Amino acid sequence: MLALEAKAHELAGGPFNLGSPKQLGEILFNKLELPVLKKTPKGAPSTAEEVLAELALDYPLPAVLMEYRSLSKLKSTYTDKLPGMIDPKTGRVHTSYHQAVTATGRLSSSDPNLQNIPIRTEEGRRIRQAFIAAPGCKIVAADYSQIELRIMAHLSQDPGLLAAFAEGLDVHSATAAEVFAVDIEQVSVDQRRKAKAINFGLIYGMSAFGLAKQLGIGRHEAQQYIDVYFARYPGVADYMARTRALAHEKGYVETLKGRRLYLPEINARNRQRQQAAERTAINAPMQGTAADLIKLAMLAVDAWIHSSGVDARLMMQVHDELVFEVADDAVAGLSEKVAALMSDIGWLDVPLVVEVGTGDNWDEAH
DNA sequence: AGGTTAAGCGCG
DNA sequence: AAAGCGCGCTTAACCT
């Protein structure tokens, strides 16, 4: 990190505090005269990762800043902090879970937040590797595969999507095959990447503009993808329209188990606020149903652990994942039983697939 | 000294 | 003009 800081100072033509938005903006946009690609809500030139990535194509400093940022995030939030949060009585870090915080019914986690431990980068995974099991035990992680898309299939009752899951297909590949009109075996890496962005975008209520930005393509092309998607999966198109209409009519949306989210701005005069409420209306039933489902799974798993007397403890919940500490000789039995209990929270018209992994640490268990 | 806001970024 | 949902944490900058 020191070397990166020195490199940044050299490229900037003088020392500055890399963590200071004010100083950084001064150097990037005044001194070096890099183009302002995006502004913050308050009007200052944005130095967000997405902007730096774009600028890095033409200038040397942004790439250095990006690497420095990612490393300092890991150091300040996890590497420096977590060891100091070990409880001297237990020798472990203990999070607090909050059951009545989120709008959708998810849990949240704080002090420390153990629901955002790094996993996406190699350096980040080294932090996850520090979460280890007691001697004689293993970590077992069980996560639902594509839970929100499965819920979308159930709620929309779209025949194509239901069939894709019933047949056990890779859903992003199946989507790509439909949208790009190719055999599923012929789907390219790039087509699958695009289909994945479409699928996630649908869950979030994303527009053609957002999809275009995400994929780095034109707005018209993005709109074509969406049009073709809805033509191939008309049940999904209907479901989205019905959900919006119901939200406007009732002023709330519900999960499959009846958890409500009220949307006070769904009929706001301000079009922007109204559209934001519509995106929430699309997302909340899917995110919230997933939350309902894993909570029921947690109850079932807890009941079994206590009634069976198995040497295992449920340690963490990360939205679609349960993490256990399990005695070595109980790992096989617990893995099988947990997968069954989680899969059998079955009120969906699609199979629930659970992926279970084991290891000496949390990273290995994935 | 201590609290709040803005920007940014870690995760699902 | 905005344009992708849900969280919590850190630092800098600003405020009382």
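None of the values given here were measured: they were computed from a predicted structure. Chain A is the first sequence line, chain B the second, and so forth, proteins listed ahead of strands; every chain is numbered from 1.
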Exercise. What is the distance, rounded to the nearest whole Å, between atom NZ of A:K75 and atom P of B:dG10?
Worked result: 16 Å

Exercise. Quick one: is C:dG8 close enough that its OP1 or OP2 comes under 4.0 Å of any side-chain N or O from A:S108?
Worked result: yes

For this session: Indicate yes or no: does A:R126 engage A:D363 in a salt bridge with an N to O separation below 4.0 Å.
Result: no

Exercise. Rounded to whole angstroms, how far apart are CG on A:L114 and P on C:dC9?
Worked result: 10 Å

Exercise. Does a side-chain N-to-carboxylate-O contact under 4.0 Å join A:D87 and A:R92?
Worked result: no

Problem set entry | side-chain N/O A:K81 vs C:dT10 OP1/OP2, d < 4.0 Å | yes

For this session: Side chain of A:V101 only, please: which of B:dG8, B:dG12, C:dC7 is the nearest?
Result: C:dC7

Seminar exercise, completed: In whole angstroms, the gap separating P of B:dC11 from CZ of A:R128 amounts to 8 Å

For this session: To the nearest Å, give me how far apart CE (A:M152) and P (B:dG12) are.
Result: 20 Å

Exercise. Any N or O donor-acceptor pair linking the side chain of A:N113 to the base of C:dG8 at under 3.5 Å?
Worked result: no

For this session: Verify the distance criterion only: is there a donor paired with an acceptor across the side chains of A:Q317 and A:Q115 at less than 3.5 Å?
Result: yes

Seminar exercise, completed: Paired to C:dT11 by Watson-Crick or G-U wobble criteria (both distances under 3.5 Å) is B:dA6

Exercise. Do NZ/NE/NH1/NH2 and the carboxylate oxygens of A:E54 and A:K38 come within less than 4.0 Å?
Worked result: no

Exercise. Does A:E148 come within less than 4.0 Å of A:R106, counting only side-chain N to carboxylate O?
Worked result: yes

Problem set entry | side-chain N/O A:N283 vs C:dG6 OP1/OP2, d < 4.0 Å | no

For this session: Measure the distance from CG on A:L28 to P on B:dA7 and round it to the nearest whole Å.
Result: 16 Å

For this session: Could you tell me whether A:K213 contacts a base, only the sugar-phosphate backbone, or nothing, with contacts defined as non-hydrogen atoms closer than 4.0 Å?
Result: nothing

Problem set entry | Spacing between A:H319 atom NE2 and C:dC7 atom P, to the nearest angstrom | 10 Å

Problem set entry | Spacing between A:L107 atom CG and B:dC11 atom P, to the nearest angstrom | 19 Å

Exercise. How far, in whole Å, is B:dA6 from C:dA2 if one measures between their P atoms?
Worked result: 16 Å

Problem set entry | Distance-only donor-acceptor test (3.5 Å): side chain A:R69, base B:dG8 | no

For this session: Determine: side-chain N/O of A:S46 to OP1/OP2 of B:dA7, distance under 4.0 Å, yes or no.
Result: no

Problem set entry | Under 4.0 angstrom between A:R106 side-chain N/O and C:dG6 OP1 or OP2 | no

Exercise. Any donor-acceptor pair under 3.5 Å joining the side chain of A:R120 to the base of B:dG12?
Worked result: yes

Problem set entry | Shortest side-chain distance from A:T40, nucleotide among B:dA7, C:dA3, B:dC9 | B:dA7

Exercise. Can you check whether A:T47 has a side-chain N or O nearer than 4.0 Å to OP1 or OP2 of B:dG8?
Worked result: yes

